[in-house]
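Handing you this structure, nothing more for now.
Owing to the predicted nature of the structure, the values given are computational and were not obtained by experimental measurement.
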Amino acid sequence: MRASNPYFLIWILCALCLSSSLSSEFTPDDNFLIDCGSSSNSTVEGRLFLSDDSNPNGKSLSTTSNVSSSSPLVLLSPLFRTAKVFETTSQYNFKIKKQGRHWIRLYFYPFVSGNFSLSLAKFSVSAQNITLLKEFQIDSGSVIKEYSLNVTSSNLVLTFTPMVNSFAFINALEVVSVPNELIPSTITSVEKVEISLANRVLETVARVNMGNETVLPNDDILSRLWVADGPFLMHNDQVVVGKFVSNLTKVNMTRGSEIKAPRFVYGTATRLGADVDVNANVNVSWSFDIDPGYEYLIRYHFCDIIDLFLGSISFNVYVNSWKVKDHLDLSSLTLHIPGAPYVLDTIASPIDSSKFKISVGPSNFHEYSAAILNGLEIMKISDSRRSLDEPSGLHSKKGSNVKVGLIAGLVAGLLVLVVLATFVIVLCRRRRSALVRHLKEEENFGANGRESNYIIGSVAFSNSKISYRYPLAAIQEATGHFSESLVIGLGGFGKVYKGMLRDNTEVAVKRGTSKSQQGLAEFQTEIEMLSQFRHRHLVSLIGYCDEQNEMIIIYEYMEKGTLKDHLYGSELPILSWKQRLDICIGSARGLHYLHTGSTKAIIHRDVKTANILLDQNYMAKVADFGLSKIGPELDKTHVSTAVKGSFGYLDPEYLTTQQLTEKSDVYSFGVVMFEVLCGRPVIDPSLPREKVNLIEWVMRRKDRDQLEAIVDTRIVEQIKLESLKKYVETGEKCLAECGMDRPTMGNVLWNLECALQLQGDEKSRHGKESSSQADLSNHWEASVSTTQFSTGNAVDIAGISMSKVFAQMVREDMR
């Protein structure tokens, strides 16, 4: 029958030509295989794992017992007989030859060596500041954790961090480069949205070979393990839905197919049982455990290895209730090449579920519908925090032999906790009620008799939408009941959601997760601070909610996100030098207003690039006032308070003396200035030791007159040397060890405007006079005339042009 078809012979010849040109081997540019804790090299399935015995970090352990035969990874047992143990934070540093996608595989087996048990270890693992494992613990069995990471530097650092009073361990590890085409840069989700994976980390959750046969790493050119699908297959009580089939001779490996999956995967399959009535709408399905709250890359592998003699097959593909592909016709998708593999990628996120149900089923569209699946991969995608935190389910389960007395003690303890929790909740609600009454008084005072025109229930909102208590129902409506798909940020206080009010106003909704007294204090502080001030370079408060023990704050929505995201760690557009100067000027102006806009200074206490937000025109606004503090009395020089802030930005003088002043904000802003100039994090452990701390590295370069070496390479050609020198000089003054030697924010503003003038543009990016320049001119004019003004009504006083006076002062300053 086939011999009579002239196209069949053409396809056979093409397949032979292609197969002769395909490489059965892939040679990675980077291939680090380490047998941790071993005193000698080990060869496992033809791959050479090197000893790390010369590594001074940690101590080596070994066991004489074999890995349990119940382990699915028994073939790799030689790697689990030794381990490296770390009692302090330790690192593996790899020199990368070729940037791009790499496998990171971590091998764990908690054996016992003498009186030492690895099952007691509890630790976290990170790579390139990305959390791979958090508080990880395993008490039995062997595990391989596999990640796909896009390495973008010449160094890759793996960091092992033991938890308090514990330790970390690793039996073996791999860092291996993979072909760029393995993971596409963008993939369409089941909701038809294009999602970028370029800077996302993937964790392999499941890699399954259908047909109920395991494919071992030595049969895969990328050394992947494909487990049999039998344990995941869902059964029907009335009929055998899934049928295992195998036909390796039918597989026609086209170019690049081996990269996606080996021949042994495409040569086996699980198909819809032949006895199943295609009109009964019965699918063959598999069930997989996953962590809710994450997006997942799901990769389906197909190859028509069924000899039907009835033409091509067509079927539907599902994940949970989503139809991923309707009427999938393998023959058309593979250009009618017999036995050619086909790969289908999609991205899905489970809704209120910890499982994925993967299904293939009949399609009524086609003459014959025999659903088939050859292989499946499920990979968790790192979240907005660039994290892949492990679910609590990975922590070891306790034994069932618990003493009756212990149970009674636990019950008694729980009762005490319940009583204490009830007392704390009552106390918190009373304090929150007092806060609401205080804020309501401010609302009534600030409304000035204006009529309300937006009503939900019994709560009215004025046109200004400022400082009003919002009902929880309205916030739930605006955020789709706090949908994970609307999360735009995550901080110490809680998650931030994008929302849409009924009048189509876009807002950012920060929802507190802490029920502690500290969380309540930050909630109260932020509302009190923002309800007092209105300024174009401070993020505006829209409202708040404290119903049902919620702590929710609503702000104006800042379309362009954080300054930090625009500097590094994302695919957002690169900020030009003038844009960066404008952003620094706007941020400084907001801080200057905080320091001088009322009788007592307001000290922000957490100035960093993550707390500087950008609106749709890239105008900077300072945000997050949860740690803010009212400054000292007029007859005092400082406020004595516990040290709070962010690592890398903390004023060293405040850190050692616990004496807080406005100059602490100035120091933090100096750090921000160099972060903006260099386009890299303040602390980056993945860099060589001399570059880890941004400020130390910058100061060493400056002392050697190597200013241009520190500048972000993407903008170095845009900066005039005079502007650069003025900017760096200003930043260095902000970082003076003694607060008295640091400039005020007004002086910082002056010098930043000077740097902008020296760049040769007296106008802002929008062709209008820089608002920061006008504010500085006002400040100068007020100080010359000694005119006193009040800002108690929260009016932004900027607006008078002094460009000519300012230009003259710049010229005098340069003499």
Side-chain angles (χ1 to χ4, degrees), residues 71-73 101-108 124-127 130-138 141-150 174 178 182-184 187 189-190 195 197 200-210 214-215 217 220 222-234 260-261 265 270 285-301 317-320 322 324 343-359 373-395 484:
S71 168
L73 306 170
R101 283 278 170 188
H102 285 63
W103 291 131
I104 296 178
R105 294 189 179 112
L106 307 176
Y107 296 67
F108 300 104
S124 298
V125 183
S126 63
I130 300 164
T131 302
L132 304 181
L133 293 168
K134 184 177 181 181
E135 299 184 13
F136 178 67
Q137 190 171 23
I138 175 173
S142 53
V143 172
I144 297 179
K145 306 292 288 185
E146 181 185 89
Y147 306 91
S148 174
L149 175 68
N150 189 19
E174 300 180 37
V178 297
L182 181 65
I183 303 294
I187 293 178
S189 72
V190 292
I195 296 177
L197 295 179
R200 308 288 283 274
V201 185
L202 309 178
E203 177 189 354
T204 303
V205 174
R207 182 177 288 123
V208 182
N209 180 38
M210 276 56 187
T214 296
V215 177
D220 187 319
L222 297 185
S223 302
R224 292 166 290 195
L225 174 69
W226 302 75
V227 300
D229 70 323
F232 306 100
L233 192 61
M234 301 176 70
K260 297 295 176 68
V265 169
T270 300
S285 302
W286 299 260
S287 178
F288 299 92
D289 294 328
I290 45 86
D291 299 336
Y294 290 87
E295 293 176 315
Y296 289 82
L297 165 59
I298 304 175
R299 173 166 287 178
Y300 303 82
H301 296 270
V317 182
Y318 307 87
V319 52
N320 288 354
W322 290 296
V324 179
V343 174
L344 174 63
D345 287 333
T346 192
I347 291 177
S349 178
I351 300 175
D352 299 328
S353 172
S354 59
K355 289 186 179 294
F356 267 146
K357 179 182 177 182
I358 304 296
S359 306
L373 184 61
N374 303 72
L376 180 78
E377 293 176 272
I378 300 176
M379 288 169 265
K380 186 200 296 186
I381 303 173
S382 59
D383 61 14
S384 58
R385 299 169 298 159
R386 293 167 63 79
S387 173
L388 284 164
D389 293 359
E390 288 302 296
S392 58
L394 272 179
H395 295 274
E484 287 296 315

Less than 4.5 Å apart, side chain to side chain, heavy atoms only: is that true for E203 and M379? no
Can W286 and M210 be said to form a side chain to side chain contact (heavy atoms under 4.5 Å, CB included), step by step? CA-CA 10 Å; W286 299 260; M210 276 56 187; 3.6 Å; yes
Only one of T214, T270, N374 clears side-chain hydrogen bond (donor to acceptor under 3.5 Å, both in side chains) with D229; which?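 When side-chain hydrogen bond (donor to acceptor under 3.5 Å, both in side chains) is applied between D229 and each of T214, T270, N374, only T270 qualifies.
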Does P217 reach the side chain of L225, with side-chain heavy atoms less than 4.5 Å apart?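 They are in contact (side-chain heavy atoms under 4.5 Å apart), so the answer is yes.
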Using the ring-ring contact (aromatic ring centres under 6.0 Å, His included) criterion, which residues pair with F108? Sequence neighbours excluded.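 So F108 forms a ring-ring contact (aromatic ring centres under 6.0 Å, His included) with F123, F136, F169.
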Within this structure, what is the OG1-CG distance for the pair T204 and L297, rounded to the nearest 0.5 Å?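 The distance works out to 9.5 Å.
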Partners meeting side chain to side chain donor-acceptor pair (under 3.5 Å) with N209 (sequence neighbours left out): T268
pair I104-V201: side-chain heavy atoms closer than 4.5 Å: no
So, using side chain to side chain donor-acceptor pair (under 3.5 Å) as the criterion, who are the partners of S189 when residues are at least two apart? none
Might you point out which heavy atoms bring K134 and S124 nearest each other, and give the distance in Å? CA-OG, 3.4 Å
Using the test side-chain contact (heavy atoms from CB on, under 4.5 Å), find all partners of S148 that sit at least two apart in sequence or belong to another chain.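 Partners of S148 under the side-chain contact (heavy atoms from CB on, under 4.5 Å) test: R101, W103, I183, L202.
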Separation between CG of N150 and CD1 of I130, rounded to the nearest 0.5 Å: 9.0 Å
Quick one: are I290 and P350 in side-chain contact, heavy atoms under 4.5 Å?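 In short, these two side chains touch, coming nearer than 4.5 Å.
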Contacts of type salt bridge (Lys or Arg N to Asp or Glu O under 4.0 Å), residue R299, not counting sequence neighbours: D345
Holding to side chain to side chain donor-acceptor pair (under 3.5 Å), I want the full list of residues that pass it with H102, two or more places apart in sequence or in another chain.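 Result, side chain to side chain donor-acceptor pair (under 3.5 Å) vs H102: D30.
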With sequence neighbours left out, what residues match R224 under side chain to side chain donor-acceptor pair (under 3.5 Å)?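 Scan of R224 (side chain to side chain donor-acceptor pair (under 3.5 Å), adjacent residues dropped) gives D220.
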Closest approach of A127 and L132, non-hydrogen atoms and distance?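 What the structure gives for the nearest pair is CB-CD1, 4.0 Å.
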Name all residues meeting the side-chain contact (heavy atoms from CB on, under 4.5 Å) criterion together with A348; count only those two or more places apart in sequence or in a different chain, and write none if there are none. V190, I298, V319, W322, F356
Close side-chain approach of L376 to F232, heavy-atom, < 4.5 Å: no
Can you sort out the partners of K357 under side-chain contact (heavy atoms from CB on, under 4.5 Å), two or more places apart, ordered by chain and number?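 If we apply the side-chain contact (heavy atoms from CB on, under 4.5 Å) test to K357, skipping adjacent residues, the hits are M234, S285, N320, S359.
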Looking at side-chain heavy atoms only, is the closest gap between Y300 and V317 below 4.5 Å? yes
Taking only residues two or more places apart in sequence or in another chain, which ones pass side-chain contact (heavy atoms from CB on, under 4.5 Å) with E295?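 Per chain and number, E295 pairs via side-chain contact (heavy atoms from CB on, under 4.5 Å) with I195, R200, I347, S349, I381.
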Evaluate the side chain to side chain contact (heavy atoms under 4.5 Å, CB included) criterion for residues I144 and L106: first the C-alpha distance (whole Å), next the side-chain angles of each, then the deciding distance (0.1 Å), finally the verdict. CA-CA 6 Å; I144 297 179; L106 307 176; over 6 Å; no
Please report the shortest heavy-atom distance between H301 and L373, naming the atom on each side. O-CD1, 3.5 Å
Which residues pass the salt bridge (Lys or Arg N to Asp or Glu O under 4.0 Å) test with E484, sequence neighbours left out?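 So E484 forms a salt bridge (Lys or Arg N to Asp or Glu O under 4.0 Å) with K495.
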Does D291 reach the side chain of K380, with side-chain heavy atoms less than 4.5 Å apart? yes
